[in-house]
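To find a chain, count down the sequence lines: A is the first, B the second, and so on, and within it residues start at 1. Computation of the quantities below employed the complete heavy-atom set of this structure, encompassing side-chain atoms and omitting hydrogens, waters and symmetry-equivalent molecules.
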2 protein chains.
Amino acid sequence: MSRLNELRMIARVAQMYHLEGRRQADIAGHFHLSQATVSRMLKRAVAEEIVRTTVVAPSGTYAELERRLRSEFNLSEAIVVECAENRDGAIMARIGEAAAHFLEATLQNEEIIGVSSWSETILKMVENIHPMKSGKARYVVQTLGGMGDPTVQMHANQLTARLARLTGAEARLLSTPGVAASPAAKDVLMDDPFVRETQALFPKITLAIVGIGAMQPSNMLARSGNVFSSQELAEIEEAGGVGDITLRFFNAKGGVVKTPLDERVIGMSLEELAHVDRVIALAGGSSKIGAIQAALRLGIIDILITDRFTASRLAVSEAIEKVG
Amino acid sequence: MSRLNELRMIARVAQMYHLEGRRQADIAGHFHLSQATVSRMLKRAVAEEIVRTTVVAPSGTYAELERRLRSEFNLSEAIVVECAENRDGAIMARIGEAAAHFLEATLQNEEIIGVSSWSETILKMVENIHPMKSGKARYVVQTLGGMGDPTVQMHANQLTARLARLTGAEARLLSTPGVAASPAAKDVLMDDPFVRETQALFPKITLAIVGIGAMQPSNMLARSGNVFSSQELAEIEEAGGVGDITLRFFNAKGGVVKTPLDERVIGMSLEELAHVDRVIALAGGSSKIGAIQAALRLGIIDILITDRFTASRLAVSEAIEKVG
DNA sequence: ATCAATTGAGAATAATTATTCTTGGGTGGG
DNA sequence: CCCACCCAAGAATAATTATTCTCAATTGAT
């Protein structure tokens, strides 16, 4: 019976604290208690479930899906965006917006940003970033050479440059094809002092923004001319490759797939990426599910930004495979 | 659209803080934000109703009734106790328990407690107090002489003494009748040095525990022999009296009613009571509604402890009268 | 009954959180 | 275009809260 009297008082203290907004010391004075006691009563109020705090996700957000992604794939953060229709264009726009906001909110001073600048999603991100006047970032480093058609290559350079301008950083470009014709050709291309300089920054990147590619080349990539021939792609698939990040391939289990082609890519390696403090992956769309799942299994992505359709399928599929 | 991205992040921060119990500085580190920003986001989360805190009153408590009593009667605190049946015996027992708990929880060191020791409710309170070993209170002062029958007078003394023992205090008794036969007789009784000494403590009382009497004498009071004759009671009623605290009468509007009888009472006056830091009134039961309501209007009671039936009728009745 | 272990509360202190102060940028009116 | 004002964010600081430390008292086990 005295327990009830005790709880009544605890409830009253909780009411004064949480609803009336009074300070603990104030409440302590009111009841002639010590502040320490009030603090303990409030703790007790939570334990007794007299005080309950709920966090309501705003509609259009998917906190539960995010939680599952974090937990299934051991991510530092996951952002799942609302998207009315499961269409690639819409999805990329929404992911881009969310990524832009996240970047703006969390970008530190003097960061060195790495960006693999030929994904449409990343383009959407850049389009949504507000200019940050007081030069926040130090460098924006292009982590993969341009693809095929020189016009598109320039596009990629421009995207990097634009991101640099928006973040008040200096752009460090890779004005070279992403894939050389041969290892020897790569050596030649790498001889360029600007290329060397940019590459030298890879280990210093503090924040990398990457897209995830499926074996099906994306629109942008396709338009940019063929990167790898279908024969080469077949070779990669043969070796188990299901997706790539900056043209570095991996298999469904999250293992790195090395083929001779690897020697011809001019860009950041997965090993280098693994050393980056924050790796943000932007990817969505039903055609990429498998690639994304595999990419997450690499264990080098810290933050995934995706759409609710993809998120849902990723979470379910991963959970099932773990049980199976 | 960016508002949603902002709210998502706020929601996530709120989740980490409130549900995962992480520190603001920790969250700030996770998102590369400043602790100040996290604090502001959390404030915003409350404003946006992303975070909601509810205080659930344990069943068997009546927070809303208490709130109404506090507000209608301008009380510092109100305690409304659960009570299965609207029967005086049960009500007094519950009120006593609650009062005991409240006293134990809020009693300071060196307090000087005044107690008008002839109410059954106060007796129940004393019965429920656990001994406080490290002498908390300084004195327990009897604020009204005993009534009629010397046996009952002794009872009253014993109750005071018992409360003193339980609180580790020294008892200061009024070993005299509560009502003298005449003002002159009162002067004689007051000549007693112990009586004078006790009375001298009235202005030093820091916490007074009082009952509220209706014009209908209570069981205990009746058993103790008649205090006032029916003629005298009629005289008081004539003057508007509807209730008393330590035999000091007041009318329905909360005004003090002085009659010649007042000159014969040996006990604390309402003026003295008004100067006491904390005045705790213990009263319940349907027969006392009017008296309690009037007593509360006196404005000298800080804390009321009553039962849910009485509380409910008090709150309703006061609200109606205020509207009318 | 005695004693170690446990509990409970306040005082003092450490940790955490809110706010003020300051700076720099954005904005809108002249 | 310039200026004044407003707003946002972090650093520094003030305010608030949680915890540790201490002491005393209780309990349970001999």
Open item on the list: In this structure, how many angstroms lie between the P atom of D:dA8 and the NE2 atom of A:H101, rounded?
Closed with: 13 Å
TODO: Please answer whether the main-chain N or O of A:I112 pairs with a side-chain N or O of A:T206 as donor and acceptor at a distance below 3.5 Å.
DONE: yes
Open item on the list: Suppose we screen for side chain to side chain donor-acceptor pair (under 3.5 Å). Which residues come up paired with B:D277, at least two apart in sequence or across chains?
Closed with: none
Task: Separation of D:dC7 C1' from B:R44 CZ (nearest whole Å) - done: 13 Å
Open item on the list: Within the 3.5 Å criterion, strictly below it, is a donor on A:E97 or B:N5 matched to an acceptor on the partner's side chain?
Closed with: no
Task: B:P131 or B:L33, whichever maps to the more 5' nucleotide of DNA chain D - done: B:L33
Open item on the list: Check A:R67 with B:E20, please: is the shortest side-chain N to carboxylate O separation under 4.0 Å?
Closed with: no
TODO: Report yes if the side chains of B:I212 and B:L282 come closer than 4.5 Å at any heavy-atom pair, otherwise no.
DONE: no
Task: Residue pairs, two or more places apart or on separate chains, that pass side chain to side chain donor-acceptor pair (under 3.5 Å) and touch residues 46-56 of chain A - done: A:R3-A:E48, A:R44-A:E48
- [ ] Measure from CG on B:N109 to C1' on C:dA9 and round the result to the nearest Å.
- [x] 11 Å
Open item on the list: Under 3.5 Å, is there a donor on one side chain and an acceptor on the other for B:E77 and A:H30?
Closed with: yes
- [ ] Let me know the distance between CD1 of A:I27 and P of C:dG10, rounded to the nearest Å.
- [x] 15 Å
TODO: Calculate the interatomic distance between A:H130 atom NE2 and D:dA9 atom P; express it in whole Å.
DONE: 12 Å
- [ ] Apply side chain to side chain donor-acceptor pair (under 3.5 Å) to A:E197 and list each qualifying residue two or more places apart in sequence or on a separate chain.
- [x] A:R172
Open item on the list: Please encode protein proximity along nucleotides 16-22 of chain D as a string of B, S and -, counting only heavy-atom distances under 4.0 Å.
Closed with: SBBBB--
Task: B:M9 CE to D:dA9 C1', straight-line distance once rounded to whole Å - done: 13 Å
Task: Terminal axis angle for the helix from C:dA1-D:dT30 to C:dG30-D:dC1, five pairs an end, nearest 10 degrees - done: 30°
TODO: Would you please name every residue forming a side chain to side chain donor-acceptor pair (under 3.5 Å) with B:E72, sequence neighbours left out?
DONE: B:K322
- [ ] Measure from CD on B:E104 to P on C:dG10 and round the result to the nearest Å.
- [x] 13 Å
